[in-house]
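All heavy atoms count here, side chains included; hydrogens, waters and symmetry mates do not. Labels below follow one simple rule: chain letters A, B, ... track the order of the sequence lines, proteins then strands, and each chain is numbered from 1. As the structure is a computational prediction, the values presented were derived from the model and not from experiment.
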Amino acid sequence: MATVELAFSALPVHVRTARLIVTAVARRSGVEEELLDEVRLAVGEACSRAVEAHRLHCPAEPVRLELHDDDGRFEVVVNDAASNGKPVDPLPAAPPRGGGAGGGDDPDSLGLAVISGLVDDVEIAPTPDGTQIRMGWPVAAHSSGSN
Amino acid sequence: MDLKVNDYTTDDGLTVINVEGEIDVYTAPKLREKLIDLVNKGKFHLLVDMEKVEFLDSTGLGVLVGGLKRVRAHDGSLELVCTQERILKIFRITGLTKVFGIHDSIQEAQEKRKGQK
């Protein structure tokens, strides 16, 4: 079972709440202070993406997060249930080309670009229900599982 | 947290937009509306002061890129004031440092603008 599980209605207003909760759990789990901005931003991106997907395909379904604190690693799993029969886009291999003003404002690809640029330990995969984004950060050895 | 967006126009025709708070999927529409409103009013040279922005995600980046597209359609400009490393990092990751002029202060942006005239 996850250390913390979180489900929220697919509304933009709740994304900030999710960011705050995940950052608080990450801090408590022992993620270094200098990584918390990265956690906050990456989780915000993943949740924003899930909210937009749900609003398009299944607005009544909540977005679900699992936070795990095991084996010297803090892991966040963001699941959406917005399967539309299409496989998830692969992670972009590089930032948007030249950042051209024409292509840089696609929020979905930009969000995935930010996640892949920020987080070294990330997997994005299709699930039977939709898409799963799994992100991990190291925790200080003495902090894991404390409190 | 609410996003506060205020603007004023300097004597040399530069419209400075002060943004304060968190720019994310919930608040970004407010900034988008402000940029659209300014362009509709004929303000095509915009400087977004991000020194009081506490959080910026890709939705916010998208709004800034959208604003840039709009002003460029009128031969305008959209530049930024930002010295916060946590905000600059997201511009670097996405390659958008090459797209936006990013200044350390409003004064520096104004001086560079005068130099280009």
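Of the atoms belonging to Leu56(B), it is backbone heavy atoms, and not side-chain ones, that fall under 4.5 Å from chain A. At a 4.5 Å heavy-atom cutoff, the contact between Arg19(A) and chain B is made by side-chain atoms alone.
By the 6.0 Å contact criterion, CD on Gln107(B) is open, its count of non-hydrogen atoms from other residues, nucleotides or ligands being 12 or less.
Ion pairing between a basic and an acidic side chain is recognised when a charged N comes within 4.0 Å of a carboxylate O; Glu45(A) and Arg49(A) show no such pairing. Looking at Lys114(B) and Asp12(B), no side-chain N of the basic residue comes within less than 4.0 Å of a carboxylate O on the acidic one, giving no salt bridge.
The one candidate from Ile87(B), Leu64(B), Leu46(B), Leu96(B) that meets the side chain to side chain contact (heavy atoms under 4.5 Å, CB included) condition with Leu80(B) is Leu64(B).
With chain B as partner, the option from Val13(A), Leu118(A), Val51(A) having the largest number of non-hydrogen pairs under 4.5 angstrom is Val13(A).
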